2 protein chains.
Amino acid sequence: MRASDLDATFAALADPTRRAILARLAHGEASVSELAAPFAMSLPAISKHLRVLQRAGLISRGRNAQQRPCRLEAAPLRAVAEFTEHYRRFWDESFDRLDDYLRELQADEKKPRRKH
Amino acid sequence: MRASDLDATFAALADPTRRAILARLAHGEASVSELAAPFAMSLPAISKHLRVLQRAGLISRGRNAQQRPCRLEAAPLRAVAEFTEHYRRFWDESFDRLDDYLRELQADEKKPRRKH
DNA sequence: CGCTTTGTGAACCGTCCGGTTAAGAAACTT
DNA sequence: AAGTTTCTTAACCGGACGGTTCACAAAGCG
């Protein structure tokens, strides 16, 4: 994992449109038009966003007739998660008590994540 | 947590100089000159980076004579970590079995994190 | 073949970004 | 008071970013 990879990943994630696209792709593959539908934005704009996501390794693309379906590739997000783990003790005072964190995690699990 | 906060956080993290500054601050407070020392870069450039980090809420600043010491504020990183958690199952196949995840977490805990 | 659908490419535009230099502010030192 | 240290502000520059429009490529369909 080179630092420049993290650069590209963070830069890609810094845009709300691109994060929304990733959230949509968490539901499954989607075509460019499907991804573009929720946004008041031209198709070429979405195409550019997709290219940014692809160069960051956050999506991969296939071919299906005219469609070019996009699929989520989460590996770079793992690197982001590992990055934040280095700082966890600075925001979680009871970090040494793992149980607290686990309970919190399980609470999160019970919340339905309808946004995705 | 508004989306625009995540925008600012990810944008701030997209620069390697700024990530290095955060890593340095994980060791403890530091003055601007101390933070600038490792970089082949003018002081105003560092000052700008610090302003970006501050506007993202990733650092806070004090006053000590001429120095303006910087302190790490990790709260926004928690939001980043929570963001990535939504995607963990896409890189971690055994995510639905929470136990696996917890074991992995505990293994991480046993590793000393001497870097910080 | 010609038309429609789906998506990309190219050129352009205004804004933001990351850096510079030069100047100035704020606090300590002598 | 004068000078030093520390840091910020202002102006500038080149390049990247996020969007647009227009043109076109590629595949399916009448």
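The model shown is predicted, which means the values in this text are computed figures rather than measured ones. Letters A, B, ... mirror the listed sequences (proteins, then strands); counts begin at 1.
Each of A:R18 and A:P44 was matched to the nucleotide of DNA chain D holding its nearest heavy atom; the match closer to the 5' end belongs to A:R18.
The nearest whole Å value for the distance from the CD atom in B:Q54 to the P atom in D:dC7 is 14 Å. Nucleotide C:dG18 holds its P atom 12 Å from the CZ atom of B:R19, rounded to whole Å. Taking atom CD1 of residue B:I21 and atom C1' of nucleotide D:dC7, one finds them 14 Å apart after rounding to whole Å. Residue A:I46 contributes atom CD1, which lies 14 Å from atom P of D:dT21 at whole-angstrom precision. In this structure, CG of B:L50 is placed 13 Å from P of C:dG18, rounded to the nearest angstrom. In this entry the distance linking CG of A:D15 with C1' of C:dC16 reads 13 Å, nearest Å. If you measure from atom CG of B:L43 to atom P of D:dT5, you get 14 Å, rounded to the nearest angstrom. Rounded to whole Å, the distance from CD on A:E29 to C1' on C:dG7 is 16 Å.
DNA chain D is contacted by B:R61, B:Q66, B:Q67, B:R68 of residues 60-75 of chain B, taking any non-hydrogen atom closer than 4.0 Å.
Regarding contacts with the backbone of C:dG7, every side-chain N or O of A:R51 stays at 4.0 angstrom or more from both OP1 and OP2. A close approach under 4.0 Å does occur between a side-chain nitrogen or oxygen of A:S47 and OP1 or OP2 of C:dT8. Phosphate proximity of C:dG18 to B:T17: absent, as no side-chain N or O sits under 4.0 Å from OP1 or OP2. For D:dT6, the OP1/OP2 oxygens have no side-chain nitrogen or oxygen of B:S33 closer than 4.0 Å.
A distance-only check finds a donor-acceptor pair linking the side chain of A:R68 to the backbone of A:Q66 [under 3.5 Å]. In this structure a side-chain-to-backbone donor-acceptor pair under 3.5 Å is missing from A:R71 to A:E29. A:Y87 contributes no side-chain N or O that, together with a main-chain N or O of B:A75, makes up a donor-acceptor pair within less than 3.5 Å. Looking at A:R18, its side chain does come within 3.5 Å of a backbone N or O of A:A12 through a donor-acceptor pair. Judged by distance alone, with hydrogens and angles left aside, the side-chain atoms of A:T9 form a donor-acceptor pair with the main-chain N or O of A:D5 at under 3.5 Å.
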Can B:L53 and B:E73 be said to form a side chain to side chain contact (heavy atoms under 4.5 Å, CB included), step by step?
CA-CA 9 Å; B:L53 289 170; B:E73 299 286 344; over 6 Å; no

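Looking at heavy atoms from C-beta onward, A:V80 lies out of side-chain contact with B:F83 at the 4.5 angstrom threshold. The shortest side-chain heavy-atom distance between A:F90 and B:L77 does not fall under the 4.5 Å cut-off. Within the 4.5 Å cutoff, the side chain of A:T84 has heavy atoms near those of the A:W91 side chain.
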Which string of ( ) [ ] | and . matches DNA chain D, if you list each base 5' to 3' and count Watson-Crick or G-U pairs only when both distances are under 3.5 Å?
||||||||||||||||||||||||||||||

